[in-house]
Amino acid sequence: MIEVIATLLRWAQLASNMILVGGCVFLAIAGSVHSPWVTRVERALPWLALILLTGLFGILATTTAQATGIDENAWHPAAWLSLMENTRMGHIWLARAACALVVFAIALYIRFSPPARWQYILCASVAALTLGVGSLASHAAAEDLSVVSLLPYALHIILGSVWFGALPAFLVVCFACKPQSELKQAQVRSAGTQPALQTQALQRIHAVFQSREEAFRHDAQALRRFSTLALPVMLAVIATGILITYRMVDTNYSGLVATKYGWLLNGKIALLMMVLIIASRARSSWLPLFYEDAGAKGADNGGRKLRKWVSLEFGLALGIVLLATIVANTVPAKHALIQDWPYSFRFSLAATWGEPVIMPRVYGGIALLVLAAAAVFYGRRKHWDKKLRFGLPVLLAVIGLGVGLPPLTVDAYPETYRKTPVPFDTISISNGAVHFAENCVACHGLQGKGDGVMAKSFAKPPVDLLTEPHTARHTAGDFFHWLSFGIPDTGMPSFGDKLDEEDRWDVVNFLHAMSRGYQARLMSPAVKPEQPQPNMGPPNFSYVAQDGSSGTLKDFRNQKNVLLVLFSWPQSRERLAQLEALHAKLQAGNTVLLAVPEHDLSAAALGQLKAGVHFPIVTEGAEEIVRSYALFRRTLSHPDLLGAGTLPDHMEFLVDRFGYLRARWIPELDGAGWSASDMLMQQIAQLNREEEILPPPGEHVH
């Protein structure tokens, strides 16, 4: 119940704040005039400010109860004070309340002083500041407290207020002033009165007519100015809304049709489309009829329609504000978990694009959509019959979507967008490798190429999980579903009863590591400047070293580059000596050196290493690290696609400080490479010059 009350309070204070902004902007557009409708709007300003203050205090009370988990704290001022003193949310509330008090004072001053444009501008500015301060508590501020993040949100809500908040004042004008034609009708009626009274009546009507004509002209001018301003404002609202949505959805487009955030956002968009249609019709048809001298019937009809439809527009706008209030307190789509995808299909360019049969159909669908758009403009220009003008574009659009969209769909399952609970790390990959070897090799082969001993017994051979982009084209949830339930009519069995949930996610992580490892064949000892690859986030790992140090690979994120060395003993003795001599330079180059033995070290070998080197030699976690990073052993000249694969005696990986694998050197395959210390230091210098290009790689596969 308290959640519902909190939502209504947020809606009330937001709507009143927005109407204060828009109402004062409309008054400023109209100018300093003495008109009955101006007085009515001015009288409403203090009440709106009072609703704003009341709503803010209600929000403080309900937020305190929700934050503490004790409903009774909603009535305890001491709990309110604690929230205000000790939380960022409380500080933001104080700033908003202070601004709202100033707005209330200005509204009272406007109410009891002669009209003046500067007063309206001041009130609108402070009310807009109140909204701007509120943006500090938005989703955008929670992720990144910066001007770049906050400005689009603040502009969106302030510009939305200029449109939405002005609608009540717009309606007051529409209901208060009468078209010129109504007064002209009064002149005509007076012409039929008795001659003795006719002159006086005409004089009075003429005087009233002149006065009202001047007021009507001024009011109509205010409506026209607002209508002119509303178009660019709405375009800016849409543009900032798209930017905010992009930030809140990121690449999780599926969240738009499968999460609470997405459905609320779709509801907002649907209402906004209706509002835009009404606004467009009002601007092009009803408003000109209202303020132009188009005859009694035309002006009357325009006035009635304008009042009717703008009232509906305001009602829809209130609904948009309510949905916006709920959206602001809903988990954004990019963070929302889609545990059960409700559809049997999904759209995927990655899994479909490039097929010869698919591309012509998609382009054909796009062509039909272009024809539909052209038919709209051509039909309007040629004044087609309404049925043809609307029916033909709709028919073309439906056919276009029917032709172009289905080829882009692939099968989907309830688990398709489920996020793996198991991190993409070396322990999970190592466990997945064991399960793959025990359960999958017979069909998929030792390296996942679909060439297992049983592969030829199937009518359709198992898919190539290594060299084909199959893994990248499907989600982690797809693989989890197939592992859990099998794939009908393919021979792929279910492992839901044999492997527990975590084991199946381990296999999914192994498949992704194997696929990424094959992509690493494009890597060389030379860093490609400013080109980190999104799919080259190396597996995270935990380690303990001989010098007592410990940690994870992720610990160095945003701080230092990492040179990860996989070595054999004594084959790598000479290279380790080179690295020892280079260790000081590496440290000066903001680079950490971690050495991992490929095989278990004897006590004697470990003793020699301790005496000879001063950089960390991993003693715990080495087996999992080697098993995972061995998947990144392939090069273009040595793809290593047969049998169990061969682990090189020595491999080195360079991970930049943002968490991406950027270069790799395998001495027996790449030649001299980093044995020339100058070349290695040049690569490190390049990484140190680069700023962040991509966001840090995720901890889970998708």
For D600, I'd like to know if atom CG has over 12 heavy atoms of other residues, nucleotides or ligands within 6.0 Å. no
From CG (L499) to OG (S494), nearest 0.5 Å: 10.0 Å
Would a distance-only check, ignoring hydrogens and angles, find a side-chain to backbone donor-acceptor pair under 3.5 Å from Q546 to K610? no
Answer whether the closest heavy-atom distance between the side chains of L661 and F653 falls below 4.5 Å. yes
Check the pair H435, F510 against side chain to side chain contact (heavy atoms under 4.5 Å, CB included), reporting the backbone distance first and the verdict last. CA-CA 9 Å; H435 296 311; F510 169 72; over 6 Å; no
What's the verdict on side chain to side chain donor-acceptor pair (under 3.5 Å) for R504 and S484, showing C-alpha distance, side-chain angles and the deciding distance? CA-CA 8 Å; R504 280 172 273 154; S484 301; 2.6 Å; yes
Residues 84-93 vs side chain to side chain donor-acceptor pair (under 3.5 Å), sequence neighbours excluded, gives S82-N86
Spell out, as yes or no, whether a donor-acceptor pair under 3.5 Å connects the side chain of Q559 to the backbone of R657. no
Whether T591 side chain and G589 backbone form a donor-acceptor pair below 3.5 Å: yes
Closest non-hydrogen contact found for L83 with A67 is CD1-CB, 4.3 Å
Does L694 CG have over 12 foreign heavy atoms under 6.0 Å away? yes
Set of residues satisfying side chain to side chain contact (heavy atoms under 4.5 Å, CB included) with respect to R418, sequence neighbours excluded: Q339, D340, E415, F480, W505
Could you tell me whether the side chain of N252 reaches within less than 4.5 Å of the side chain of I338, counting heavy atoms only? yes
Any D489 side-chain heavy atom under 4.5 Å of K460 side chain: no
With no hydrogens and no angle check, is any side-chain donor or acceptor of R521 less than 3.5 Å from a backbone partner on Y518? yes
Any chance CD of E574 has more than 12 other-residue heavy atoms, nucleotides or ligands included, within less than 6.0 Å? no
What pairs of residues pass the side chain to side chain donor-acceptor pair (under 3.5 Å) test when at least one of them lies in residues 690-702, not counting sequence neighbours? K554-E699, R662-E690, Q686-E690
Are the side chain of S572 and the backbone of R575 linked by a donor-acceptor contact shorter than 3.5 Å? no
Do R573 and L576 come close enough that some side-chain heavy atom pair is under 4.5 Å? no
Do T552 and D555 pair up side chain to side chain, a donor and an acceptor below 3.5 Å, judged on atom types alone? yes
So OG of S149 and CZ of R247: to nearest 0.5 Å the spacing works out to 4.0 Å
Taking it one step at a time, do N431 and D503 satisfy side chain to side chain contact (heavy atoms under 4.5 Å, CB included)? CA-CA 7 Å; N431 291 339; D503 290 338; 5.8 Å; no
I need the L563 CG to L579 CG distance, nearest 0.5 Å. 6.5 Å
Which heavy atom of A137 sits nearest a heavy atom of I92, and at what distance? N-CD1, 3.9 Å
Ring geometry between F485 and H481 (parallel below 30°, tilted from 30 to 60°, perpendicular above 60°): tilted
From the options V257, V249, D250, select the one residue that forms a side-chain contact (heavy atoms from CB on, under 4.5 Å) with Y253. V249
Using the side-chain contact (heavy atoms from CB on, under 4.5 Å) definition, which of the options H599, H650, M651 pairs with S568? H599
When rounded to the nearest 0.5 angstrom, what distance separates CG in L256 from CE in M248? 12.5 Å
Is the shortest heavy-atom distance from the side chain of I617 to the side chain of F567 under 4.5 Å? yes
Can you tell me how far apart CG (L511) and CG (L483) are? Round to the nearest 0.5 Å. 7.0 Å
Closest heavy-atom contact between P525 and W674? O-NE1, 2.9 Å
Does M681 reach the side chain of L586, with side-chain heavy atoms less than 4.5 Å apart? yes
Plane angle bin for Y343 and F345 - parallel if under 30°, tilted between 30 and 60°, otherwise perpendicular: tilted
Okay, side chain of R557, backbone of P696: is any donor-acceptor separation there less than 3.5 Å? no
Could you state the interatomic distance from OG1 (T64) to CE (M89), rounded to the nearest 0.5 Å? 9.5 Å
Please check: side-chain N/O of Q533 versus main-chain N/O of A520, any donor-acceptor pairing under 3.5 Å? no
Within 45° cone and under 6.0 Å: R516 NZ/CZ vs F424 ring: yes
Tell me whether D656 contacts the main-chain N or O of N561 through its side chain, where contact means a donor paired with an acceptor under 3.5 Å. no
Does the pair V331 and K260 meet the rule for a side chain to side chain contact (heavy atoms under 4.5 Å, CB included), with working shown? CA-CA 8 Å; V331 177; K260 181 181 178 182; over 6 Å; no
What I'd like to find out is whether the side chain of E624 reaches to under 4.5 Å of the side chain of F541, using heavy atoms alone. no
Got L631 and I429 here, is their nearest side-chain heavy-atom distance under 4.5 Å? yes
After noting the C-alpha distance and the side-chain angles of L641 and R634, does the key distance pass the side chain to side chain contact (heavy atoms under 4.5 Å, CB included) rule? CA-CA 9 Å; L641 299 177; R634 297 178 174 86; 4.0 Å; yes
Backbone N/O of P423 and side chain of N509: donor-acceptor pair under 3.5 Å: yes
Exactly one of T619, V596, L594, T426 should register a side-chain contact (heavy atoms from CB on, under 4.5 Å) with Y543. Which one does? L594
Answer yes or no: is there a donor N or O on one side and an acceptor on the other, between the side chain of Q683 and the main chain of M679, under 3.5 Å? yes
